[in-house]
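Shown next, in structure tokens, is the structure this report addresses.
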Amino acid sequence: TPYTKSVDDLSTLNAVTYQFNGAGGTLDDGKTYVGLIAQDVQKVFPLAVRVKPDNSLAVDYQKLCALAFAAIKELKLEVDTMKAYFKNIK
């Protein structure tokens, strides 16, 4: 079944920067990372979130890519529709 809410779903997510603090089992390495908040992803695309052995949540970015590809297809359809509309106005 095609996923048709991907643009709306992705637009609710915000990229954030973070550092590991050791609480989720990943030691603090002093580096800054960029990613998404797993709880936010879980609200719109629960298939892209996994529960780790310590019960913390982690984003499965590989599965999230499918949502991004679906969003690109949705946006392309919108652009193509607008192009056709404006071509007919000329």
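- Within the structure, the ring-ring contact (aromatic ring centres under 6.0 Å, His included) test picks out the following pairs touching residues 40-82 (sequence neighbours left out): Y3-F45.
- A donor-acceptor pair is defined here as one N or O able to donate and one able to accept, closer than 3.5 Å; such a pair exists between the side chain of N88 and the backbone of A84.
- Within the structure, the salt bridge (Lys or Arg N to Asp or Glu O under 4.0 Å) test picks out no pair touching residues 4-25 (sequence neighbours left out).
- Using a 4.5 Å cut-off between side-chain heavy atoms of Ile, Leu, Val, Met, Phe, Trp and Tyr, with links allowed through other members, L57 and L13 fall into the same hydrophobic cluster.
- Taking the side chain to side chain contact (heavy atoms under 4.5 Å, CB included) definition, one finds that I89 meets it with Y85, F86, sequence neighbours left out.
- Closest heavy-atom contact between F20 and L27: CB-O, 3.8 Å.
- Residues that satisfy the side chain to side chain contact (heavy atoms under 4.5 Å, CB included) test with D54, not counting sequence neighbours, are K52, S56.
- Membership of the apolar cluster around L75 extends to V7, as traced through chained side-chain contacts below 4.5 Å between ILVMFWY residues.
- Applying the salt bridge (Lys or Arg N to Asp or Glu O under 4.0 Å) test to residues at least two apart or on different chains, the pairs with a partner in residues 64-86 are K76-D80.
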Table please: side-chain donor-acceptor pairs of residues 30-44 below 3.5 Å, with sequence neighbours left out.
from, atom 1, to, atom 2, distance (Å)
T32, OG1, Q19, NE2, 3.2
Y33, OH, D29, OD2, 2.5

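- With sequence neighbours excluded, no residue forms a side chain to side chain contact (heavy atoms under 4.5 Å, CB included) with A66.
- In the hydrophobic cluster analysis, where Ile, Leu, Val, Met, Phe, Trp and Tyr join through side-chain heavy atoms closer than 4.5 angstrom, Y18 is grouped apart from L64.
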